[in-house]
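Just below is one structure, and these are the notes that go with it.
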Amino acid sequence: MRSDIVKKGHNRAPHRSLLRATGLKDEDFNKPFIGVANSYIEIIPGHFFLDKVSAIIKDEIKKAGCVPFEFNTIGVDDGIAMGHDGMLFSLPSREIIANSIETVMNAHKLDAMIAIPNCDKIVPGMIMGALRVNVPTVFVSGGPMAKGYTKDGEPIDLATAFEAVGKFEAGEITEAELTDIECNACPSGGSCSGMFTANSMNTLMEAMGIALAGNGTILALTKEREELYRKAARRVCEIALMGEEKSSDFNIRNILNENAVRNAFAVDMAMGGSSNTVLHMLAIAKEAEVDFNLEDINKISKRVSHIAKISPSLSTVHMQDIDKAGGVSAVMHEMNKRGEDILRDNLTVTGEMLKERIANATIVDTNIIHTIDNPYSEVGGLAILYGNLAEQGAVIKTAGIIGERVFTGTAVCFNSQDEAIEGILAGKVKAGNVVVIRYEGPRGGPGMQEMLSPTSLIMGMGLGDKVALITDGRFSGATRGASIGHVSPEAAEGGMIGLLKDGDEIHIDVDKYILEVHLLDEEIAKRRANFTPLVKPLKSKWLRQYRALVTNASSGAVLEAD
């Protein structure tokens with residue numbers, strides 16, 4: 001076993017002495033050591049109950065004949081961190097999480113790992129760390145929360161709460177109605193109930209084969225979810241007890257390979273996942289040493305039908321509805337009916353091949369999960385746009401577009417999210433404008449803030465189908481509208497978005513994958529000659545370190561170590 005290096009032989013007597021201090025007995029030194037990577041933290045709704053989840057998992061691991069060692073990662077709740085400078089720490093937290101997984105697992109030479117993520121950057125951070133360690137790893141998330149309801153019985157969620165602020169500012173709802181939404185949008189523990197970033201990533205883990213079926217859709221705090229935790233715990237021990245030679249077949253890099261990455265993007269397209277999945281899957285692909293670039297995403301999109309539309313794209317459908325309609329396995333089974341090898345067969349952590357796993361899955365409700373003969377769109381729910389405004393690409397969640405897919409408008413420029421919020425509330429944004437929010441990229445922010453507040457204000461004020469928004473920052477999974485993020489190169493590295501002026505004409509054509517500004521080359525050259533990017537002052541030592549090392553969004557905003 002990998003852990004023998006810390007527990008076997010006379011020269012490891014000091015190591016065993018320390019391990020005995022934690023409660024180990026003689027018989028435990030012949031058992032596999034399992035890392036239980038938990039992300040329990042009390043301030044995140046998707047995580048405050050994970051201490052109880054890990055207790056269930058550790059109990060099952062012990063029953064199965066292995067020794068669990070729990071450790072924790074940090075976490076940031078994007079919804080709570082949003083709207084102030086706390087959001088600068090959100091994306092950088094992904095790197096801390098990855099580093100913490102690598103550190104604990106390799107320092108103590110644990111044999112295998114079960115990871116318990118749920119929300120925001122925690123899922124991709126744990127996956128990135130697991131890929132560095134490369135031992136058998138099973139992921140089991142905390143699970144999605146149930147959707148909420150207003151006092152009148154209308155289904156609502158976190159996106160409703162953000163958009164309600166804009167509606168209140170516009171005088172469309174009363175303070176009592178705003179309070180009703182506030183108190184009922186997030187009714188229980190779990191990752192926010194729509195196809196936001198957390199549930200997008202929890203779903204894609206099924207597509208990648210690193211989690212069990214049901215991981216993305218079975219509600220948190222239910223008996224069904226508890227059984228999933230127990231099954232995942234038993235499975236990680238089954239693998240570890242095979243012995244190092246056989247268990248190595250299930251090292252995470254043997255499962256999360258090129259096929260898995262491409263399958264994840266295909267399912268993402270079919271279900272209209274968060275635009276943040278692009279950022280995270282690019283980073284995951286780099287950790288897995290898979291050759292995958294932004295250009296590949298549009299190729300996949302053209303071959304995949306968009307067959308499941310979930311909040312915020314369709315506000316009445318939530319993860320629990322997808323679960324009842326057949327779950328992610330039913331989506332994948334239906335996708336493959338289009339042929340052309342839409343999903344590549346690949347090993348899963350449960351030992352079966354992916355196509356074997358989904359072979360008998362069926363759609364229970366075709367109003368929730370459409371068939372390929374009746375898709376929402378013949379192409380996937382995400383697209384990468386290019387042009388002189390995004391030479392290295394920009395991302396749009398096409399599944400969330402409100403209004404036309406072709407838009408030409410005049411720029412209204414803001415040098416920060418705070419400036420944009422202030423400007424929107426002051427009435428500076430009118431129908432026919434393209435809101436430009438820059439210096440919010442990985443380096444410029446730094447940390448690439450999510451733009452849910454400005455996009456929600458735009459929607460709440462009734463401008464969702466009348467304006468577009470572009471940014472070198474990113475969007476919450478709860479964002480909808482003509483919102484284009486991850487513009488690369490970013491303003492802080494001299495990208496064209498930094499050269500824009502109020503009144504510039506910007507053209508967007510989603511179906512032709514175009515994002516461009518209508519300026520003559522001579523004018524662009526003149527502006528560039530006189531351009532110096534803004535550099536925001538930073539007190540945080542960690543954020544200064546992050547800014548010095550981070551790459552732009554087209555590279556997944558990973559840190560360059562070399």
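Numbering starts at 1 and runs along the sequence shown. It should be emphasised that the depicted structure is a prediction, and the values quoted were computed from it without experimental measurement.
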Gap between atom SG of Cys192 and atom CG of Asp77 - 0.5 Å precision: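 If I round to the nearest 0.5 Å, the distance is 7.0 Å.
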
Atom pair CE/SG of Met145 and Cys186 - distance to nearest 0.5 Å: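 SG of Cys186 is found 4.5 Å from CE of Met145.
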
Is any NZ, NE, NH1 or NH2 atom of the basic residue among [X] and [Y] found under 4.0 Å from an Asp or Glu carboxylate oxygen of the other?
| X | Y | result |
| --- | --- | --- |
| Arg234 | Glu227 | yes |
| Lys355 | Asp341 | yes |
| Asp28 | Lys31 | yes |
| Asp26 | Arg20 | yes |
| Asp120 | Arg94 | no |
| Lys109 | Asp4 | no |
| Lys58 | Glu70 | yes |
| Arg2 | Glu244 | no |
| Glu258 | Arg262 | yes |
| Arg230 | Asp59 | yes |

Under the side-chain contact (heavy atoms from CB on, under 4.5 Å) test, residues paired with Ser247 that sit two or more places apart: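 Per chain and number, Ser247 pairs via side-chain contact (heavy atoms from CB on, under 4.5 Å) with Pro136, Ile239, Met242.
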
No-hydrogen, no-angle side-chain donor-acceptor test under 3.5 Å, Gln449 and Glu440: yes

Distance-only donor-acceptor check, side chains Thr350 and Arg235, under 3.5 Å: no

Check against side-chain hydrogen bond (donor to acceptor under 3.5 Å, both in side chains), Asn346 and Asn257: CA-CA 9 Å; Asn346 205 45; Asn257 51 24; 3.1 Å; yes

Intermediate values then yes/no, side-chain contact (heavy atoms from CB on, under 4.5 Å), Trp542 and Ile96: CA-CA 10 Å; Trp542 161 227; Ile96 297 174; 3.7 Å; yes

So do [Y] and [X] actually touch side chain to side chain, heavy atoms under 4.5 Å?
| X | Y | result |
| --- | --- | --- |
| Pro144 | Asn202 | no |
| Thr471 | Val487 | no |
| Leu91 | Arg474 | yes |
| Arg303 | Met269 | no |
| Pro446 | Leu538 | yes |
| Asn263 | Leu354 | yes |
| Asp78 | Met87 | yes |
| Ser93 | Ile74 | yes |

Asn99 vs Arg132, side-chain hydrogen bond (donor to acceptor under 3.5 Å, both in side chains): CA-CA, chis, key distance, verdict: CA-CA 9 Å; Asn99 291 343; Arg132 296 177 193 174; 2.7 Å; yes

Charged tip of Lys536 within 45° of Tyr439 ring normal and under 6.0 Å: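 Because its charged atom misses either the 6.0 Å distance or the 45° angle limit, Lys536 does not stack over Tyr439.
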
Thr277 vs Leu382, side-chain contact (heavy atoms from CB on, under 4.5 Å): CA-CA, chis, key distance, verdict: CA-CA 10 Å; Thr277 57; Leu382 291 168; 3.8 Å; yes

Residue Lys324 excluded, over 12 heavy atoms near NZ under 6.0 Å: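 Incorrect, the count does not exceed 12.
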
Asp291, CG atom: more than 12 neighbouring heavy atoms under 6.0 Å: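 Counting neighbours around CG of Asp291, 12 or fewer heavy atoms of other residues, nucleotides or ligands fall under 6.0 Å, so no.
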
Phe48-Tyr40 aromatic ring centre distance below 6.0 Å: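 No, they do not, as the ring centres are separated by 6.0 Å or more.
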
Pair His318-Asp157, side-chain hydrogen bond (donor to acceptor under 3.5 Å, both in side chains): steps then yes or no: CA-CA 9 Å; His318 294 81; Asp157 54 36; 2.7 Å; yes

Derivation and outcome, side-chain hydrogen bond (donor to acceptor under 3.5 Å, both in side chains), residues Thr197 and Ser274: CA-CA 5 Å; Thr197 303; Ser274 163; 2.9 Å; yes

side-chain contact (heavy atoms from CB on, under 4.5 Å) between Arg253 and Glu289, intermediate numbers included: CA-CA 9 Å; Arg253 282 174 177 256; Glu289 298 181 2; 3.6 Å; yes

Geometric class of the Phe69/Phe33 ring pair [parallel <30°, tilted 30-60°, perpendicular >60°]: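 Because their plane-to-plane angle is over 60°, the rings of Phe33 and Phe69 count as perpendicular.
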
